[in-house]
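Counting starts at 1 for both ligands and their atoms, in listed order.
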Amino acid sequence: MRLHIDILTLFPGMLDGFLAESILGKGLERGLLSVKVHDLRNWTTDKHRTADDRPFGGGAGMVLKPEPVFAAIEQLQTPGCRRIYLTPDGVPFSTATAQRLSGEKHLIFLSGHYEGIDQRIRDQVIDEEISIGDYVLTNGTIAAAVVLDAVSRFIPGVLGEEKSLTHESFTSTFLDFPQYTRPAEFRGMSVPEVLLSGNHGEIEKWRHARQVEKTRQVRPDLLK
Ligand code: ADE
């Protein structure tokens with residue numbers, strides 16, 4: 001087994017469909033990676049299975065308690081594993097991070113919770129904090145799924161064609177070129193002539209020009 005990922009969440013059911021379906025599901029089936037989702041409440045000790053509490057100092061919302069998280073991570077962690085907290089105030093996620101994490105043996109993802117988690121968790125049992133973008137989700141479970149999905153694409157064999165990794169947005173500086181498939185004529189809209197020409201040199205040139213154009217329009221920051 002190349003990579004094992006444990007996901008700690010208060011909403012384990014959110015990931016069922018995600019893990020069962022699609023390309024990631026096939027990777028799991030074929031044993032290219034393994035993922036285990038854990039309900040954080042399994043590490044609570046009171047009869048109400050309390051995982052959160054009110055913040056010291058006042059304020060709205062609830063804060064994830066340290067005890068169940070410390071207990072869970074201490075049980076699951078292995079020497080050299082990376083313990084990652086998903087949070088909007090983390091380091092922005094990128095292709096480079098996905099690629100780096102795909103080379104690890106064991107990752108533990110901790111999904112955040114409403115207003116936040118006790119700082120002592122972050123200080124003591126978290127190695128790395130990741131944000132998937134400048135917006136706030138109701139909880140980090142979807143963020144963990146996003147990171148898992150992007151990481152899995154770098155595990156050899158998960159994507160059918162290794163080629164499809166190299167040609168696309170964010171492995172180069174440019175965004176993707178437009179794609180077309182049959183029919184060549186659809187509701188009066190035709191596929192650009194050059195793509196039907198069979199001239200691979202011209203096709204490459206056309207695609208590169210479209211990439212530059214698209215990047216200039218949508219993400220000029222990438223060209224700097
Ligand atoms: N939890 C809530 N919002 C998030 C975000 N943008 N990234 C990672 N985790 C989150």
Ion pair Glu213/Arg216, N-O distance below 4.0 Å:
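No, this pair does not count.
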Exercise: identify the closest heavy-atom pair between Trp206 and Pro178:
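Closest approach of Trp206 to Pro178, heavy atoms only: CH2-CG, 3.9 Å.
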Tell me, do Lys205 and Glu202 make a side-chain contact under 4.5 Å, heavy atoms counted?
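Lys205 vs Glu202: side chains touch.
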Is any side-chain heavy atom of Ile126 closer than 4.5 Å to one of Ile84?
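Side chain of Ile84 against side chain of Ile126, heavy atoms only: no contact under 4.5 Å found.
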Close-range residues for ligand 1, whose non-hydrogen atoms fall below the 4.0 Å threshold
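The answer is Leu86, Thr87, Pro88, Ile130, Ser131, Ile132, Gly133, Tyr135, Val136, Leu137, Gly140, Ala143, counting any residue whose heavy atom sits under 4.0 Å from ligand 1.
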Measure from the side-chain N and O atoms of Ser131 to the backbone N and O of Gly133, and report whether any donor-acceptor pair falls under 3.5 Å.
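Between the backbone of Gly133 and the side chain of Ser131 there is a qualifying donor-acceptor contact (under 3.5 Å).
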All side-chain hydrogen bond (donor to acceptor under 3.5 Å, both in side chains) counterparts of Arg82, not counting sequence neighbours
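Partners of Arg82 by the side-chain hydrogen bond (donor to acceptor under 3.5 Å, both in side chains) criterion, ordered by chain and then number, come out as Glu128.
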